[in-house]
Amino acid sequence: MKGIFVVGAGPAGMFAARQIALAGYDVFLFNRDIKPGGLAEYGIYPLKEKMKGGLRKQFAQVLALPNIHYFGNVLVGNSYEVTLEELEAMRPAAIVFACGAQGARKLGLPGAEAKGVYAAKDFVYNYNLLPPYTAMDFSTGRHIAIVGMGNVAIDIARWLLEDAPDRKTESVTIIARRGPLEIKFDQKEIEHVEQNIDRDALAAELERVKEPCARCNQDVSPQKIYEEHFRKLKDPGFVFAPPQLSFRFLSSPAAILPDANGRIARLEVAENDLVLKADGSTSAVQTDRRVTLDIDTLIFAIGDAHDPKIGLPMGPDGYATEPDPANPREPHYEVWNAETRAIMPGRYVTGWARKASTGLVGIARHDGEVCASKAIEFLKSAPDSATLSQSEILNRLEAMGLRPVTKADLALLARVEQSEAQARHLESFKYSDNDAMLEAIAQERERSSQTEAVQLASTS
Ligand SMILES: Cc1cc2nc3c(=O)[nH]c(=O)nc-3n(C[C@H](O)[C@H](O)[C@H](O)COP(=O)(O)OP(=O)(O)OC[C@H]3O[C@@H](n4cnc5c(N)ncnc54)[C@H](O)[C@@H]3O)c2cc1C
């Protein structure tokens, strides 16, 4: 059999798996989390229930394909549970790595180890109830700074200003290296928190950065910036509602200053200049001007990095893929071994594993499908690798002391979570602990086999 392994069951992995399965191959999905979905389940904002529900349905349809096999709760990687060598020993004909970008980009600031300093993805994993992040301390205080001005930063600001159940938030400050014209968030995301912006304070901030921006031919007048990014602020009747969301443009965090308990108490920020480059683009250059902000929580939303512990060759934006000199910004999908200067045939990366923090679910889906078509082309002429069967792989994983979660287990878990939701009068219920999920699966399996035994006895 020519079985294909897909590592990671986020959008890129799920849609790659679907396409390969529809081409007639057996696909074996290995996923770190018990449940599939990746950031679609554990990153997308908790209240975007319609979008999350729609994606869950699509993922369930993918898993319903008879030639897709699922092993959740299995961490692949040379520093993890199943090394790449052990994976190869199960004789896949091809492997698609769709394991996302699980690390965080770091600035290497003094004091970065202080309590109350978090990476955005870990923070959203916590409030989206992904084990083990749910059990970790992501406590927030009253004055929070978020570094970065993309959609992830705004999602987190929304959570802290509006929805976190135990919030103490009095202010959230978005700190951005560049100016207001480089805002990356979308109108539909900022709309949720525009009422938290004090229009006078934002106007004063735009005035503060007016001069360096003007030197780069950037008009950052309130009229222009409101028109492009803050539509509600154009309304003469706009009313500010605390807690406050404010912005500090042309600023980079320089040092984290902890209190006696080791928690961040202040953030030293360097002011930046904006410089016009020969090609017409701009760059932010740090000056020696510093300001200190009273901050008790700091969250970095400056992008993700690929995880070196998996053991794939590392590239600049994702795992190393075959370079394309004609198009260096668009690497290929085949894993590239820089030492031998050759591709690893039949080994691919896709989604955020290929290009970290790039795009929404639709982009990850497309990337997974393009990667799948390349794998299918390769498989047509690849020799039969005699891949282990579903039960052989399961036995092997169990022999390694793992507790892989199968498609049948996921169905049992879904049933338990549904009845928990009903019992608690909630729209949906989600376990936030792996042991609780495994226990629920075991109990439900026991209950179903008892019910089956009773039914069998009554019909015989
Ligand atoms: C905070 C946040 C909010 C977002 N909101 C939106 C939104 O509103 N709308 C939208 O369209 N997009 C949104 N996105 C983007 C979207 O989530 C991504 O485009 C998409 O999830 C990337 O898919 P992926 O499959 O490449 O990676 P991921 O979704 O990260 O999936 C990776 C999968 O690999 C598994 N994995 C990781 N390491 C291993 C390992 N070592 N072994 C085995 N399995 C492993 C993980 O368990 C996971 O299932 C958001 C992203 C973030 C961070």
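Whatever order the structure lists them in is the order used to number ligands and atoms, beginning at 1.
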Chemist: Should we say atom CZ of R424 is surrounded by more than 12 heavy atoms from elsewhere, each under 6.0 Å from it?
Modeler: yes
Chemist: Which residue and non-hydrogen atom of the protein lie closest to atom 31 (O) of ligand 1, and at what distance in Å?
Modeler: G10 CA, 3.4 Å
Chemist: So, are D296 and R263 salt-bridged, with charged N and O less than 4.0 Å apart?
Modeler: no
Chemist: Suppose I only count heavy atoms of G351 and a 4.0 Å limit; which atoms of ligand 1 are within that range?
Modeler: 26 (O)
Chemist: Whether R445 and D409 form a salt bridge (side-chain N of Lys/Arg under 4.0 Å from carboxylate O of Asp/Glu) is what I want to check.
Modeler: yes
Chemist: Under 4.0 Å from a heavy atom of D155: give me the atoms of ligand 1 that qualify, with their elements.
Modeler: 3 (C)
Chemist: How many angstroms lie between atom OG1 of T297 and atom NZ of K168, to the nearest 0.5 angstrom?
Modeler: 8.0 Å
Chemist: Would you mind checking if E392 and R396 are paired as a salt bridge, meaning a charged N to carboxylate O distance below 4.0 Å?
Modeler: no
Chemist: NZ of K48: more than 12 outside heavy atoms within 6.0 angstrom?
Modeler: yes
Chemist: Tell me which part of I156 gets within contact of ligand 1: side chain, backbone, both or neither, using heavy atoms under 4.0 Å.
Modeler: neither
Chemist: Is the shortest side-chain N to carboxylate O distance from E41 to R56 below 4.0 Å?
Modeler: yes
Chemist: Go through ligand 1 atom by atom and flag the ones less than 4.0 Å from a non-hydrogen atom of A98.
Modeler: 32 (C), 33 (C), 34 (O)
Chemist: Within a distance under 4.0 Å of any heavy atom of V361, pick out the atoms of ligand 1 and give their elements.
Modeler: 10 (C), 11 (O), 12 (N), 16 (C), 19 (O)
Chemist: Please write down residue, atom name and distance for the protein heavy atom closest to atom 26 (O) of ligand 1.
Modeler: W352 N, 2.8 Å
Chemist: Return yes when atom CZ of R199 has more than 12 non-hydrogen atoms of other residues, nucleotides or ligands closer than 6.0 Å, and no otherwise.
Modeler: yes
Chemist: Run the numbers for me: atoms of ligand 1, each under 4.0 Å from some heavy atom of I310, listed by number.
Modeler: 41 (N)
Chemist: If you define the side chain from C-beta out and look only at heavy atoms, does anything of L55 sit under 4.5 Å from K52?
Modeler: no
Chemist: Starting from atom 28 (P) of ligand 1, locate the nearest protein heavy atom and write down its residue, its atom name and how far away it is, to 0.1 Å.
Modeler: L39 N, 3.8 Å
Chemist: Between E334 (side chain) and E322 (backbone), is there a donor-acceptor pair under 3.5 Å?
Modeler: no
Chemist: So is there a nitrogen or oxygen of V124 less than 3.5 Å from a nitrogen or oxygen in ligand 1?
Modeler: no
Chemist: Can you confirm whether more than 12 heavy atoms, excluding those of R231, are under 6.0 Å from its CZ atom?
Modeler: yes
Chemist: Crowded around K374 NZ? As in, over 12 foreign heavy atoms under 6.0 Å?
Modeler: no
Chemist: In the protein, what heavy atom is nearest to atom 47 (O) of ligand 1, and what distance, to one decimal place, separates them?
Modeler: D33 OD2, 2.8 Å
Chemist: For atom 35 (C) of ligand 1, what's the nearest protein heavy-atom neighbour? Residue, atom name and distance, please.
Modeler: N31 OD1, 3.2 Å
Chemist: Quick check: are there more than 12 heavy atoms from other residues, nucleotides or ligands sitting under 6.0 Å from NZ of K234?
Modeler: yes
Chemist: Which of the numbered atoms in ligand 1 are below 4.0 angstrom from a heavy atom of G359?
Modeler: 15 (C), 18 (C), 19 (O)
Chemist: Among all protein heavy atoms, pick the one closest to atom 43 (C) of ligand 1 and tell me residue, atom and distance.
Modeler: R32 N, 3.3 Å
Chemist: Check Q102 against ligand 1 and report side chain, backbone, both or neither, counting heavy atoms closer than 4.0 Å.
Modeler: side chain
Chemist: Taking only Lys NZ, Arg NE, NH1 and NH2, and the carboxylate oxygens of Asp or Glu, determine whether R403 and E81 approach each other closer than 4.0 Å.
Modeler: no
Chemist: Between T387 (side chain) and M1 (backbone), is there a donor-acceptor pair under 3.5 Å?
Modeler: yes
Chemist: Quick one: which of L360, N151, D367 has a heavy atom closest to atom 13 (C) of ligand 1?
Modeler: L360
Chemist: For ligand 1, note which part of V76 has a heavy atom under 4.0 Å away: side chain, backbone, both or neither.
Modeler: both
Chemist: Quick check on contacts: which atoms of ligand 1 are under 4.0 angstrom from a heavy atom of G38?
Modeler: 29 (O), 31 (O), 48 (C), 49 (O)
Chemist: Under a 4.0 Å heavy-atom limit, does A120 contact ligand 1 with its side chain, its backbone, both, or neither?
Modeler: neither
Chemist: Suppose we measure from atom 1 (C) of ligand 1 to each protein heavy atom; which comes out shortest, and what is that distance?
Modeler: G43 O, 3.6 Å
Chemist: Tell me which part of M51 gets within contact of ligand 1: side chain, backbone, both or neither, using heavy atoms under 4.0 Å.
Modeler: side chain
Chemist: Counting heavy atoms only, which part of K48 comes closer than 4.0 Å to ligand 1: side chain, backbone, both or neither?
Modeler: side chain
Chemist: Which protein non-hydrogen atom lies closest to atom 5 (N) of ligand 1, naming both residue and atom, and how far is it?
Modeler: I44 CG1, 3.6 Å
Chemist: Please state which part of V74 comes within less than 4.0 Å of ligand 1, counting heavy atoms only: side chain, backbone, both or neither.
Modeler: backbone
Chemist: Which of the numbered atoms in ligand 1 are under 4.0 angstrom from any heavy atom belonging to A364?
Modeler: 22 (C), 23 (O)
Chemist: Strictly under 4.0 Å, does any heavy atom of P11 approach an atom of ligand 1?
Modeler: yes
